[in-house]
Amino acid sequence: MDRRMNALETLKTAAGKYKYALAVVLLGLLLMLLPARGARRQAAAETAEQPGVRSELETTLAAFDGVGRLRLTLTVTPGTERWEGAVVVCEGADSAAVRLTLTQALRALTGLPSDRITIVKGKP
């Protein structure tokens, strides 16, 4: 019985001494259990499989002011049907505001990060 009490006292002392380290470890474990951005990518992958998604995205993006005609190319990983990148060729890409608007819209609609979206000026 004395041995158990001694071990319990040692544990209490260690917990008090290292309470901040324990808090950091527990917070780290909690963050690891939270769902990651993978859930968002999975939703984008399910959308990528649907027919006509690209043409619907093109129609939506072309409706923005200053864009003009455009062509959208989405790259998909074979087998997983996940979007990996997007390139937009449009008449209004010489405007920084148009490029920003298109990038933000594609981020919202596809879940792609900005570094995987390219907007260039050209003839679609």
Side-chain angles (χ1 to χ4, degrees):
M1 188 77 161
D2 261 351
R3 193 173 186 170
R4 283 187 190 170
M5 293 297 277
N6 197 12
L8 186 58
E9 289 298 321
T10 305
L11 186 60
K12 283 183 181 179
T13 304
K17 188 175 180 180
Y18 298 108
K19 64 183 174 187
Y20 295 114
L22 288 172
V24 169
V25 168
L26 290 175
L27 182 61
L29 290 172
L30 178 66
L31 288 174
M32 287 181 4
L33 294 175
L34 292 175
R37 289 178 43 178
R40 202 165 135 191
R41 290 183 61 98
Q42 180 62 30
E46 291 170 1
T47 306
E49 296 172 358
Q50 297 174 2
V53 170
R54 187 184 63 81
S55 62
E56 186 176 338
L57 285 172
E58 279 184 342
T59 303
T60 301
L61 296 174
F64 296 154
D65 285 339
V67 172
R69 293 183 305 140
L70 71 81
R71 181 181 331 150
L72 171 65
T73 302
L74 291 166
T75 56
V76 179
T77 304
T80 64
E81 297 299 322
R82 288 187 177 171
W83 285 325
E84 289 298 318
V87 175
V88 176
V89 179
C90 70
E91 296 171 334
D94 52 347
S95 165
V98 168
R99 289 192 309 272
L100 178 62
T101 302
L102 289 174
T103 301
Q104 289 174 339
L106 280 169
R107 284 185 62 205
L109 294 170
T110 65
L112 288 169
S114 298
D115 63 334
R116 294 187 179 257
I117 299 170
T118 302
I119 315 291
V120 295
K121 181 173 176 60
K123 297 179 185 174

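- Remark: T59 engages no residue in a side-chain contact (heavy atoms from CB on, under 4.5 Å) (not counting sequence neighbours).
- Using a distance-only test at 3.5 Å, with no hydrogens or angles considered, a donor-acceptor pair links the side chain of S55 to the main chain of G52.
- Put simply, the side chain of W83 reaches to within 4.5 Å of the side chain of V53, judged on heavy atoms.
- V89 forms part of a hydrophobic cluster together with V87, V120, judged by ILVMFWY side-chain heavy-atom separations under 4.5 Å.
- Across every non-hydrogen atom of P124 and R71, the tightest pair is C-NH2, 3.0 Å.
- Here the rule is side chain to side chain contact (heavy atoms under 4.5 Å, CB included) with E84, and of L74, L112, T77 only T77 fits it.
- Closest heavy-atom contact between L61 and L106: CD1-CD2, 3.8 Å.
- Of all heavy-atom pairs spanning I117 and T103, the tightest one is CD1-O, 3.8 Å.
- Among residues two or more places apart in sequence or in another chain, the side-chain contact (heavy atoms from CB on, under 4.5 Å) test is passed with A93 by C90, R99, I119, K121.
- Heavy atoms from other residues, nucleotides or ligands lying under 6.0 Å from CG of D115 number more than 12.
- E58 places a side-chain N or O within 3.5 Å of a backbone atom of L72 that can act as its donor or acceptor partner.
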